[in-house]
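Here is the structure we will look at.
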Amino acid sequence: KASYLEANLNKAKIDKETRMHVLCKDFNIHQNNAQSWLMYEDYMYKTEHFELEDLRGAYMVCGVDLSSTTDMTAVQCVVMKPNDNTKYIVSKYFIPERKLYDSDDKTAGAKYEEWAQQGLVHICEGNEVDTDEVVDWIEYLVIDCGINLFKCGYDVRLSKSFVNAMITRLDGKSTLEIIPQASKFLSEPTKLLEADLKARIVNYNENPVNQWCFSNAQIKLDQFGRIMIIKIQEQARRRIDGAVALIIAYATLRMYKTEFDEYLKLGGEK
């Protein structure tokens, strides 16, 4: 019907996911090229700086995107306080030492040495990321910073040693949740994160590594109209690991939203 097409076209003018779907499904225009996930202004905004000490006693849901030797390993923690709508994002990236000297990522905007000096990126000795050091950092947030770990989502790929360390040191059996990297599981969390960024309720301390990952992410539409972020085509060195880890955290948070809201409420009543 004309009314149906008109309504979809009006929405497509302001929503890129709808635009891709309408062009493909309603007008049979093949959408094989991914589109940028976020506009620059969606994530480049001023926030009030916070320190880890400001989050003591708060509650977090983590997302972990593990890597082998080429990508970064990223950990993103969505931290919330009772009676505070802001989602505070605490981030840490891990790369093998060899990436400092043998990597094409610098030509795509990576500033690993600078980010390491700022404490945003941790350098692991050798040719691969040590998952024990990843767990060290999560344990630091829990033990030293006093941030309560509610759940930790992760992709099962390359996760065996990470899971074992989490179970041994941080009661991982009750906190770990597998989040497959597929549009079926990540489409809605991706939309929710985008909406939260546009609403300015995400405070990620203007982390430049996060900004780099956000700028590198594109979305691809599957046959069911679901979205998933991917790297910019033919530019594998432009990493998106931080964006993926944050979406994993959002997927975990969405899965346990009712329980987490209750967890926050109880925390606020203590």
Side-chain angles (χ1 to χ4, degrees), residues 37-38 42-44 47 49-52 54-55 58-67 71-81 86-95 110 115 118-122 129 131 133-142 145 147-159 162-163 166 170 172 175-181 185-186 188-197 201-217 228-229 231 239-257 260:
W37 173 38
L38 298 171
D42 291 341
Y43 60 89
M44 291 296 289
T47 58
H49 181 79
F50 66 87
E51 301 289 345
L52 288 176
D54 298 327
L55 303 178
Y59 305 87
M60 68 178 176
V61 173
C62 299
V64 180
D65 182 37
L66 298 164
S67 66
D71 290 343
M72 296 187 291
T73 284
V75 183
Q76 298 279 22
C77 302
V78 179
V79 185
M80 297 191 70
K81 305 176 185 179
T86 302
K87 291 183 172 75
Y88 300 92
I89 309 301
V90 180
S91 312
K92 194 74 168 185
Y93 292 86
F94 301 79
I95 62 170
W115 293 337
Q118 295 172 0
L120 305 175
V121 172
H122 176 78
V129 170
T131 53
E133 294 182 39
V134 176
V135 178
D136 284 345
W137 185 73
I138 299 174
E139 189 175 41
Y140 164 74
L141 295 181
V142 175
C145 300
I147 305 175
N148 301 288
L149 176 61
F150 177 69
K151 291 289 179 182
C152 180
Y154 68 101
D155 178 53
V156 71
R157 184 177 63 96
L158 307 170
S159 65
F162 170 76
V163 169
M166 286 290 290
L170 284 170
T175 58
L176 288 171
E177 186 68 39
I178 296 175
I179 305 294
Q181 290 197 29
F185 302 97
L186 299 182
E188 290 304 318
T190 302
K191 296 175 191 176
L192 179 58
L193 173 56
E194 181 179 351
D196 281 355
L197 286 166
I201 62 172
V202 175
N203 183 346
Y204 63 91
N205 256 350
E206 300 176 52
N207 185 313
V209 195
N210 288 347
Q211 292 170 347
W212 184 55
C213 291
F214 289 153
S215 71
N216 293 336
M228 184 170 177
I229 66 167
K231 294 177 182 177
R239 309 297 173 188
I240 63 171
D241 310 277
V244 171
L246 190 50
I247 291 169
I248 289 174
Y250 260 69
T252 310
L253 182 60
R254 184 171 179 266
M255 185 180 296
Y256 290 97
K257 185 179 186 307
F260 187 66

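Note that these values count all heavy atoms, side chains included, but never hydrogens, waters or copies made by symmetry.
Checked against side-chain contact (heavy atoms from CB on, under 4.5 Å), T86 has the following partners two or more places apart in sequence or in another chain: D84, Y88, N203. For Y204, the side-chain hydrogen bond (donor to acceptor under 3.5 Å, both in side chains) criterion is met by Q211, not counting sequence neighbours. For E133, the salt bridge (Lys or Arg N to Asp or Glu O under 4.0 Å) criterion is met by no residue, not counting sequence neighbours. With sequence neighbours left out, the side-chain contact (heavy atoms from CB on, under 4.5 Å) criterion links A110 to D105, Y112, W115, W212. Applying the ring-ring contact (aromatic ring centres under 6.0 Å, His included) criterion to F150, with sequence neighbours excluded, gives F260, Y263. Every residue two or more places apart in sequence or in another chain that forms a side-chain hydrogen bond (donor to acceptor under 3.5 Å, both in side chains) with T131 is listed here: S161. Residues passing the side-chain hydrogen bond (donor to acceptor under 3.5 Å, both in side chains) test with Y140, sequence neighbours excluded: none. In this view, V142 and M60, L149, L170 satisfy the side-chain contact (heavy atoms from CB on, under 4.5 Å) rule, not counting sequence neighbours. Remark: D241 pairs with D65, D71, M72, A74, R239 by the side-chain contact (heavy atoms from CB on, under 4.5 Å) rule, at least two apart or across chains. Under the rule for a salt bridge (Lys or Arg N to Asp or Glu O under 4.0 Å), the partners of E206 that lie at least two apart in sequence or sit in another chain are K46.
Contact of the F94 side chain with the V75 side chain is registered, since non-hydrogen atoms from C-beta on lie closer than 4.5 Å. Looking only at side-chain heavy atoms (C-beta outward), C77 and W137 come within less than 4.5 Å of each other. Within the 4.5 Å cutoff, side-chain heavy atoms of F162 are placed close to those of L176. For the pair C145/L55, no side-chain contact is recorded, criterion being any heavy-atom separation below 4.5 Å from C-beta on.
For K81 (side chain) and D54 (main-chain N/O), a donor-acceptor pair under 3.5 Å exists by modelled atom type. Listed for the T73 side chain is a donor-acceptor partner under 3.5 Å among the backbone atoms of S67.
Considering all non-hydrogen atoms of both residues, I89 and V78 come closest at CD1-CG2, 3.8 Å. Contact detail for G153 and I179: the closest heavy-atom pair is CA-CG1, 4.1 Å. Among all heavy-atom pairs drawn from G119 and K92, the shortest one is O-NZ, 2.7 Å. What you find for L66 and L158 is that their closest heavy atoms are CD1-O, 3.5 Å.
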Show the atom names and distances, to 0.1 Å, of all donor-acceptor pairs under 3.5 Å that link a side chain in residues 243-253 to residues at least two apart or in another chain.
unit_1 : atom_1 : unit_2 : atom_2 : d
Y250   : OH     : D196   : OD2    : 2.8
T252   : OG1    : I248   : O      : 2.8

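To the nearest 0.5 Å, atom CE of residue M255 and atom NZ of residue K151 are 9.5 Å apart. Going from atom CG of L120 over to atom OH of Y93 covers 9.0 Å, rounded to the nearest 0.5 Å. Between the SG atom of C62 and the CD atom of E177 there is a distance of 13.5 Å, given to the nearest 0.5 Å. Once rounded to the nearest 0.5 Å, the distance linking OG1 of T190 with CH2 of W37 reads 6.0 Å.
Ion pairing between E194 and K191 fails under the 4.0 Å rule for side-chain N and carboxylate O.
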